[in-house]
Amino acid sequence: MVYSNGNLWDAKGFRRRLSVLSVLVIILFGFLLARLWQLQIIQNEKYQTLSEHNRVRTLPLKSPRGYIKDRSGALLVENRPEFKLYAIPEDVPDVQGLLARIEGNINVDAESLSKQLVTSSKFKPVLVKGGLGRNELGYIEEHRPDLPGTFIQVEPVRFYRYGPLAAHLMGYLGEINAEELNDGALKGYMSGDYIGKSGLEKVHENMLRGRKGHKLVEVDALGRELRVLGDLEPLMGDSVTLTIDLKLQILAEDLLVGERGAIIIMDPRDGQVLAYASKPAFDPNLFASGLRKRDWAELSRDKAHPLQDRALQGQYPPGSVFK
């Protein structure tokens with residue numbers, strides 16, 4: 001006989017309960033083993049892929065656009081390096097906390113950025129801020145442990161050497177929109193890419209764009225880069241040489257200072273355009289890494305209409321040349 005807590009238990013009842021408990025333990029272990037078999041054998045490929053995504057990141061490397069030169073080879077449009085801050089949503093544990101830490105030190109649109117981080121692909125880099133200044137870079141580097149999921153990347157950004165000079169001819173860049181992404185003629189682009197929106201930048205987009213590259217990096221639990229596992233170098237786009245003569249272009253622009261109008265100088269022997277000026281003009285560098293709302297408001301409200309290309313869009317009565 002067995003006594004327990006003052007109660008009398010018979011040996012058969014105890015053994016029966018022990019047997020039931022043993023069966024339950026065996027069943028539970030069976031379920032556990034079955035689950036382990038499912039995770040490690042049947043779904044191994046799925047979870048291995050997820051594990052690789054958590055450990056390895058594929059970061060796009062943007063290609064430098066081709067140069068634009070005048071007839072003698074003088075550079076009109078080139079590229080310059082720019083520091084940009086990105087964030088990978090998967091590696092940002094607290095979106096609002098991240099925004100609170102950077103908003104007071106880096107000029108960002110917190111509301112728009114918050115939506116992007118929530119709605120974008122988990123493993124796709126989201127641009128936080130381009131054109132970082134020295135103070136902003138210093139803050140980011142100093143507080144790197146407090147900014148999980150972020151990284152700085154140096155990228156080529158369009159630079160128009162002479163600012164507004166021949167701005168309407170050169171055109172400007174802008175971030176690709178949803179309609180352009182769905183355009184079958186524009187392949188190989190992704191959200192956040194910049195493409196030609198007007199002028200030669202748009203006409204010769206396929207020549208100038210180049211080929212993007214990428215690099216595989218291993219990251220830690222906070223999304224910080226540990227080492228580069230491999231890369232594919234981007235290829236620079238083809239350069240474009242114009243018939244424009246820089247000296248004549250500067251002369252034409254100077255003649256239009258303070259005026260509204262256009263000057264086109266052509267070679268009558270073969271029709272080559274030697275100068276193409278329209279005033280007032282704008283600075284295409286404003287568009288190179290993302291136009292600020294304040295700058296766009298100033299351009300769009302300007303009664304002089306600096307965005308209008310008076311050489312092509314203006315309507316004028318015929319004069320002596322026509323006669």
Side-chain angles (χ1 to χ4, degrees), residues 53 57-68 77-92 106 108-109 112-132 149-160 167 170-217 225 231-240 282-293 295-296 307:
H53 277 306
R57 297 284 182 267
T58 301
L59 303 180
L61 299 175
K62 296 188 177 180
S63 58
R65 291 176 71 86
Y67 298 146
I68 299 180
V77 186
E78 54 181 325
N79 307 297
R80 63 178 178 182
E82 182 177 272
F83 291 92
K84 294 186 177 183
L85 178 65
Y86 286 91
I88 297 182
E90 174 68 12
D91 297 327
V92 180
I106 301 176
V108 296
D109 185 343
S112 174
L113 183 57
S114 177
K115 290 180 181 178
Q116 282 186 281
L117 289 171
V118 172
T119 59
S120 297
S121 172
K122 289 184 177 182
F123 300 102
K124 175 190 169 185
V126 173
L127 178 63
V128 176
K129 173 71 185 297
L132 295 172
T150 64
F151 65 94
I152 294 174
Q153 191 155 293
V154 182
E155 296 181 353
V157 173
R158 211 59 164 155
F159 178 60
Y160 301 83
M170 301 304 162
Y172 62 88
L173 303 182
E175 186 173 351
I176 192 168
N177 57 40
E179 182 179 349
E180 291 165 331
L181 280 173
N182 295 325
D183 187 346
L186 297 173
K187 298 180 180 179
Y189 293 92
M190 58 187 294
S191 180
D193 285 345
Y194 277 71
I195 67 171
K197 293 288 187 176
S198 71
L200 296 174
E201 293 280 22
K202 180 177 181 179
V203 173
H204 295 297
E205 172 65 23
N206 289 333
M207 289 181 59
L208 294 168
R209 61 181 289 195
R211 189 201 70 190
K212 289 188 290 187
H214 64 264
K215 66 176 180 178
L216 298 176
V217 298
E225 183 177 321
D231 60 7
L232 174 65
E233 289 293 330
L235 291 180
M236 183 176 180
D238 295 328
S239 294
V240 173
F282 61 94
D283 187 352
N285 289 308
L286 294 174
F287 296 82
S289 57
L291 186 67
R292 295 180 300 178
K293 292 181 179 180
D295 294 328
W296 173 249
L307 294 174

In the structure I gave you, are the side-chain heavy atoms of [X] and [Y] within less than 4.5 Å of one another anywhere?
X      : Y      : value
Leu127 : Leu85  : no
Leu235 : Arg209 : no
Glu155 : Glu82  : no
Pro81  : Pro156 : no
Ser239 : Ile68  : no
Ile195 : Glu180 : yes
Tyr172 : Leu286 : no
Leu208 : Val240 : yes

- Item | Main-chain N/O of Leu216 paired to Asp231 side chain as donor or acceptor, under 3.5 Å | no
- Message: For a quick test of reading the model, state the closest non-hydrogen atom pair linking Phe151 to Leu59 and the distance between them.
- Response: CZ-CD2, 3.8 Å
- Note on the structure: Of all heavy-atom pairs linking Gly171 and Pro284, the shortest is O-CB, 3.6 Å
- Query: Would you say Phe159 has more than 12 foreign heavy atoms packed within less than 6.0 Å of its CZ?
  - Reply: yes
Does the pair [X]/[Y] count as a salt bridge with the N-to-O cut at 4.0 Å?
X      : Y      : result
Arg158 : Glu201 : yes
Lys212 : Asp193 : yes
Lys124 : Glu90  : no

- With ring centroids as reference points, do Phe282 and Phe287 lie under 6.0 angstrom apart? yes
